[in-house]
Amino acid sequence: MTHSFPNGHLFVGGEWQAGTGAEIVSVFAAEGTENMAFKGASREDVLTAIDRAKAAQSDPAWRDLKPHERATYLYRISEAIAAEVDRLSWLQSRDTSKTRTEARALVASAAATFRYFGAVLETSDDLMTASRGDYQTYSVHDPIGLVAAITPWNSPIASDAQKAAPALAAGNAVLLKPASWSPIISLELARIIEQAGLPKGLFSVLPGSGRDVGNLLVEHPEIGKVSFTGGTSTGRHLAHVAAEKLMPISLELGGKSPTIVFEDCDEDQAIAGVLFGIFSSTGQSCIAGSRLFVQRSIFDRFVAKLVQATKALKIGHPFDADTQVSSMVHADHREAVEGYVQQALDEGGEILTGGARPEGVGLDDGAYYRPTIIAGLDNSARTCREEIFGPVLVVLPFDDEDDVIAMSNDNDYGLACGIWSRDHRKCWRVARAIRAGTVWVNTYKQFSITTPFGGDGASGMGREKGRAGLRAYQRQKSIYEDHSGAPLGWARWP
Ligand code: NAP
């Protein structure tokens with residue numbers, strides 16, 4: 001079913017209004033067409049949103065809500081998202097060229113995230129801590145105030161929800177800046193949040209360039225926390241700004257995640273997992289398993305089977321039900337990926353499959369790229385070290401456990417890892433030795449909102465999801481309350 005696009009108005013502190021900033025163009029890269037163009041947020045729009053957010057957040061009607069009362073907003077938002085899966089997934093596919101199947105899963109994940117953080121809020125306990133004197137000691141949690149959420153284009157509604165749900169649950173106001181390549185779904189999320197009755201001003205969606213809108217939000221003195229997902233160089237810049245303000249910032253950044261295939265694995269299970277890990281989402285996934293290490297004793301056989309399976313993947317339009325590899329998000333991004341493949345060739349790599357645009361009916365106008373496997377590179381090659389963020393896999397042999405742990409960890413990133421082996425003790429040892437926020441053993445790219453997620457090193461700092469995800473948007477406070485009724489002795493008074 002075809003749906004309509006939103007009218008391009010921005011949600012500025014609870015009011016729908018035309019943006020007064022630079023033009024934003026959303027494209028449907030799978031067909032090389034334009035979805036819609038509209039004016040993004042200007043400096044004035046951002047400042048208005050901040051003023052309205054400040055007033056709404058400090059209003060006792062929001063600030064003093066009991067957890068179970070505030071949770072009802074999150075449940076209503078969750079239900080409203082779930083009720084619109086078809087429209088939201090259609091818009092997400094149009095905005096990012098993701099397959100409908102994947103877009104539906106992301107919408108469902110956003111609904112689940114709001115529901116989960118409503119439940120976490122209702123069931124979180126403040127603590128009475130062990131007292132060491134004639135007083136009671138409590139550890140309680142307050143909202144931070146105004147939270148800026150800055151998200152990338154690769155899974156917009158899910159990453160928006162991952163920030164907005166815990167931040168609102170914690171009692172904050174949220175100012176969301178979506179990526180310029182994928183603004184539509186965030187505006188739709190605003191419509192849903194408004195319909196769910198969230199008090200005006202607590203949620204804004206401010207599309208606009210990172211350089212202008214993003215920087216303004218991060219630098220603004222009223223913003224008390226930034227939650228960022230995106231590239232490592234942007235994250236590093238924002239961390240500097242946050243350091244100047246002494247402001248908490250959480251950074252979910254890029255990855256170059258190793259997938260390790262031991263000789264004792266179930267090879268068919270491993271091949272299916274490796275394919276999904278790198279080529280689903282057309283490789284545009286922070287946790288893509290983009291560095292494959294295969295034990296030397298099975299290297300040739302395993303890689304030959306993997307190449308065969310890769311060639312069989314169905315490249316196609318995001319609205320075709322059997323498509324596995326869709327278009328990339330934008331023609332410019334495909335060019336960047338092509339640049340990396342050329343770099344790999346310059347570094348002495350050998351393309352085993354892919355390395356070109358596909359040909360075929362309906363593919364010529366889109367930003368498609370064939371799933372690509374490259375061998376013959378050293379782990380120190382640029383293509384093995386840097387995030388490509390596309391359907392490009394480098395394969396390297398290894399000899400033993402120590403060898404592969406050293407090669408896996410010899411990289412600036414530390415986001416994720418996959419291990420394939422039937423030896424569970426070995427899996428455990430390797431999982432503990434790898435520097436990564438998430439390790440999958442005999443599976444890959446599985447997610448649960450109950451389980452913390454984040455990266456180490458160049459992959460960022462802080463964790464999202466899980467019960468502690470709520471605490472990332474609160475200020476902890478300790479309270480000591482006398483229960484003796486006696487004056488403190490030091491004063492010798494009265
Ligand atoms: P990006 O270029 O860093 O942009 C991310 C967001 O930051 C966008 O909204 C962008 O706005 C904004 N931005 C850019 N410069 C800014 C600045 N100076 N100040 C404030 N905001 C700024 O990353 P991307 O290309 O959109 O996304 C891909 C990256 O995200 C990859 O590296 C991927 O691994 C990472 N990622 C990480 C995770 C994770 O959970 N670890 C999940 C998904 C993606 P514009 O769009 O206007 O430039």
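Computation of the quantities below employed the complete heavy-atom set of this structure, encompassing side-chain atoms and omitting hydrogens, waters and symmetry-equivalent molecules. Numbering of residues begins at 1 and proceeds along the displayed sequence. On a predicted model such as this, the values are computed, not experimentally measured, just so you know.
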Colleague: Is the closest basic N to carboxylate O distance between Glu338 and Arg357 below 4.0 Å?
Modeller: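 Looking at Glu338 and Arg357, the cut-off is met.
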Colleague: Are Thr151 and Ser159 linked by a side-chain donor-acceptor pair shorter than 3.5 Å?
Modeller: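 Note: Thr151 and Ser159 side chains miss the donor-acceptor criterion.
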Colleague: Is Lys465 positioned over the aromatic face of Phe117, cation under 6.0 angstrom from the ring centre and no more than 45 degrees off axis?
Modeller: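 Because its charged atom misses either the 6.0 Å distance or the 45° angle limit, Lys465 does not stack over Phe117.
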Colleague: Would you tell me whether Ser209 and Asp212 have side-chain atoms, one donor and one acceptor, within less than 3.5 Å of each other?
Modeller: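 Side-chain D/A pair, Ser209 to Asp212: present.
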Colleague: Verify the neighbour count for atom CZ of Arg236: are there more than 12 heavy atoms of other residues, nucleotides or ligands below 6.0 Å?
Modeller: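 No.
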Colleague: Would you call Glu84-Arg191 a salt bridge at under 4.0 Å N-O?
Modeller: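 Salt bridge between Glu84 and Arg191, a charged N being under 4.0 Å from a carboxylate O: yes.
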Colleague: Parallel, tilted or perpendicular for Phe389 and His333, by the 30°/60° rule?
Modeller: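 Ring orientation of Phe389 relative to His333: perpendicular.
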Colleague: Are Glu102 and Ser281 linked by a side-chain donor-acceptor pair shorter than 3.5 Å?
Modeller: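 Glu102 vs Ser281: donor-acceptor pair found between side chains.
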Colleague: Strictly below 4.0 Å, N to O, side chains only: are Asp412 and Lys256 in salt-bridge contact?
Modeller: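 Lys256 and Asp412: not salt-bridged.
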Colleague: Assign the ring pair Phe319 / Trp90 to parallel, tilted or perpendicular, where the plane angle (0 to 90°) is split at 30° and 60°.
Modeller: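 Rings of Phe319 and Trp90: tilted, as their planes differ by 30° to 60°.
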Colleague: Within the 3.5 Å criterion, strictly below it, is a donor on Lys314 or Thr323 matched to an acceptor on the partner's side chain?
Modeller: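 Thr323 and Lys314 do not have a side-chain donor-acceptor pair below 3.5 Å.
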Colleague: Does a salt bridge link Glu79 with Arg115, judged by any charged N lying under 4.0 Å from a carboxylate O?
Modeller: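 Looking at Glu79 and Arg115, the cut-off is not met.
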